[in-house]
2 protein chains.
Amino acid sequence: MPPITRPNRSARRDAAEIVFFPLYRQVREGLLRRLAEGAWPAGAMLPSEQVLAAELGVSQGTVRKALDALVAENLLVRRQGRGTFVALHDESRILFQFFRLVSETGERQFPESRVLRVGAGRASAEERARLALAARARVVRIRRVRALAGRPCIAESIVLPASLFPGLIERPLPNNLYGLFAEKYGIGIARASERLRAVALGASDATLLGVAQGTPALAIDRLALAIDGRRVEWRVSHCLTTHVHYASDLT
Amino acid sequence: MPPITRPNRSARRDAAEIVFFPLYRQVREGLLRRLAEGAWPAGAMLPSEQVLAAELGVSQGTVRKALDALVAENLLVRRQGRGTFVALHDESRILFQFFRLVSETGERQFPESRVLRVGAGRASAEERARLALAARARVVRIRRVRALAGRPCIAESIVLPASLFPGLIERPLPNNLYGLFAEKYGIGIARASERLRAVALGASDATLLGVAQGTPALAIDRLALAIDGRRVEWRVSHCLTTHVHYASDLT
DNA sequence: CAGTGGTCTAGACCACAGG
DNA sequence: CTGTGGTCTAGACCACTGC
């Protein structure tokens, strides 16, 4: 990474608008760019704070503040005495960051998945809108059922931009898709936003989950974004919430 | 606040277990205690960082780190050039921190409330469990309907420990209950945890919301905690999600 | 202008992990 | 023992607010 171009702590002028842009933000953006480019593979150790500070020509405290921000965004992990590492998409992180279904006793458990269909095709209007795709873009669609504690309780439909995942259709699909995205395609899911509704199950979902059509279910509509903000996945999950609930902390 | 008792950055010994307890954490705890005691009313300005540092006999940077933590918990608000203030429970904060129902276009809007019943009584077993109350404790119960954009879409039942809210029954209840708790009873809601399920509406809720019995609804079960961790409110909301959804960011 | 929080630096020392 | 991140300090200067 090239040294931060000073004038470091001055102002940035954008069309007569003056925006103060602190040094540690510039450092953060630089590191973020390198992360998005895949300069360090998932799990790799970054240079130490001292080394980064020397490379960039700033103080260690400034580097630290930039690293702190990236740790807060779950992109990096610090381990005292060891170093700073690129966050992995292992099951424990997924469980902690992306999976909110909790049993009555408060335990989180990674659900087992059974893939029903994998296919490709042109994106529908809705898929294009949700994933911000061009007119004739292609998508990969995955349909699966997931079980918690042996009980099938999630019927899931996943849509991915085909351009990002060449050859995905031929692969065996693991339980943890985000781990696959990171390892095989270098695409790390950084964050997601979910929209929740209550719906009555349609015939197809009801059959899959072994309940009557019209049973109330929690519909989770998720859009997942990569580090650089690209829309990577659109996922709709229909969940039975008789033995499980969605936990949300308002802090 | 008394000066922080050194040995400040040494260790704390708990039954042969050595726990490192940084100075800024001690400062945070001290400030938190004073906040919970109501030493500064909501909206009040705290002493400046310099003054706090001098009082406590630590450096300004250490005070800053403690204040940063409390700001991150939404208990304090900083305004550059003005000072550091105790967070208010005004509608904009409530909307931002505690209200997650969003319209299709992404707008958040504070719902209008119509109170149907207010009453008191002995806590049921479930109420005692959820609010951690003693055997014969009394509670206040509120039942109301809330409307978004003129449409009634939330049927809500609220349970409060009667001991915390003397005379609440006689009061007119405002739209924003948490503001009332803070202003009239000195109880600030600091955080809450919600459990979401999909349910079929019962007869009473369905009538209130003007839909058929059995209509799927999002059940939000919320437990709200005060700054000191006391359980202050148990609230169950049944929401129609045809024109609105629950937004959850996974970051 | 004075006072507040925000940034940045340089350096010392501590806690922790691993060879 | 060395190297890492974590804490703490002291001081300088900047940006913002309101008088």
Side-chain angles (χ1 to χ4, degrees), chain A residues 3-13 17-31 40 43-72 75-87, chain B residues 3-13 17-31 40 43-72 75-87:
Chain A
I4 295 291
T5 44
R6 313 222 174 199
N8 40 28
R9 56 170 296 127
S10 65
R12 191 175 59 169
R13 273 147 233 282
E17 195 185 347
I18 296 163
V19 180
F20 176 64
F21 206 66
L23 234 195
Y24 74 88
R25 294 272 275 122
Q26 296 182 48
V27 174
R28 192 198 83 102
E29 315 263 290
L31 292 171
W40 299 290
M45 179 178 164
L46 265 62
S48 77
E49 297 178 352
Q50 291 285 4
V51 170
L52 284 174
E55 278 181 10
L56 302 174
V58 301
S59 81
Q60 185 185 352
T62 300
V63 169
R64 166 171 287 271
K65 224 175 159 182
L67 291 174
D68 280 344
L70 295 170
V71 168
L75 299 178
L76 299 179
V77 173
R78 286 179 187 284
R79 274 176 282 182
Q80 183 172 148
R82 311 237 347 245
T84 305
F85 303 83
V86 180
Chain B
I4 296 291
T5 45
R6 316 223 172 197
N8 39 28
R9 56 168 297 131
S10 64
R12 191 175 58 171
R13 273 147 233 283
E17 195 185 346
I18 296 163
V19 180
F20 177 63
F21 206 65
L23 234 195
Y24 74 89
R25 294 272 273 124
Q26 296 182 48
V27 174
R28 192 199 82 103
E29 315 262 289
L31 293 170
W40 299 289
M45 179 177 162
L46 266 63
S48 76
E49 297 179 351
Q50 292 285 3
V51 170
L52 283 173
E55 277 181 9
L56 301 173
V58 301
S59 80
Q60 187 186 350
T62 300
V63 170
R64 165 171 289 269
K65 222 176 161 182
L67 291 174
D68 280 345
L70 295 170
V71 168
L75 300 177
L76 298 179
V77 172
R78 285 179 187 285
R79 273 174 282 180
Q80 182 172 154
R82 308 235 352 239
T84 305
F85 303 83
V86 180

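Just so we're on the same page: letters track the sequence lines, and every chain starts at 1.
Nearest nucleotide to the side chain of B:T62, out of C:dG5, D:dC8, D:dT7: D:dC8. Nearest nucleotide to the A:V58 side chain, out of C:dT9, C:dC8, C:dG5: C:dT9. For A:P22, the listed nucleotide lying nearest its side chain is C:dT7; candidates were C:dT7, D:dT9, D:dT7. Distance from the side chain of A:E49 is smallest for D:dG6 among the nucleotides D:dC8, D:dG6, C:dT4.
When the P atom of D:dG18 is taken as reference, atom CE of B:M45 falls 12 Å away, rounded to whole Å. Taking atom CG on B:D68 and atom P on D:dC8, their separation rounds to 14 Å, with Å as the unit. The distance between atom CD of A:Q60 and atom P of D:dT7, rounded to the nearest whole Å, is 13 Å. Distance B:R78 CZ to C:dT7 P: 10 Å, rounded to the nearest Å. Between the CD atom of B:Q50 and the P atom of C:dG3 there is a distance of 12 Å, rounded to whole Å. What separates CG of A:L23 from P of D:dA15 is a distance of 12 Å, to the nearest Å. Summarising the geometry, the separation between NZ on B:K65 and P on C:dG6 is reported as 16 Å, rounded to the nearest angstrom. Summarising the geometry, the separation between CG on A:L46 and P on D:dG3 is reported as 19 Å, rounded to the nearest angstrom.
Within the 4.5 Å cutoff, side-chain heavy atoms of A:V58 are placed close to those of A:V63. Side-chain contact between A:L76 and A:F85 is absent, with no heavy atoms from C-beta onward closer than 4.5 Å. A heavy-atom distance below 4.5 Å is not found between the side chains of A:L75 and A:V86. In this structure the side chain of B:V27 reaches within 4.5 angstrom of the side chain of B:L56, judged on heavy atoms.
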Decide side chain to side chain contact (heavy atoms under 4.5 Å, CB included) for B:L31 and B:L70; before the verdict, give the C-alpha distance in whole Å, the side-chain angles of both, and the deciding distance to 0.1 Å. CA-CA 9 Å; B:L31 293 170; B:L70 295 170; 3.8 Å; yes
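Of the charged side-chain nitrogens involved, at least one lies within less than 4.0 Å of a carboxylate oxygen, so that B:R78 and B:E49 count as a salt-bridged pair.
Atom-to-atom distance recorded for B:Y24:OH and B:L67:CG is 13.5 Å, nearest 0.5 angstrom.
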Check the interface with nucleotides 16-18 of chain C: list each N/O to N/O pair with the protein under 3.5 Å, or write none.
| from | atom 1 | to | atom 2 | distance (Å) |
| --- | --- | --- | --- | --- |
| C:dC16 | O4' | A:Q80 | OE1 | 3.2 |
| C:dG18 | OP1 | A:R82 | NE | 3.4 |

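Here B:R64 reaches the OP1 or OP2 of C:dG6: one of its side-chain N or O atoms lies under 4.0 Å away. For the pair A:Y24 and C:dC8, the criterion of a side-chain N or O lying under 4.0 Å from OP1 or OP2 is not met. The phosphate of C:dT4 has neither OP1 nor OP2 within less than 4.0 Å of any side-chain N or O from B:T84.
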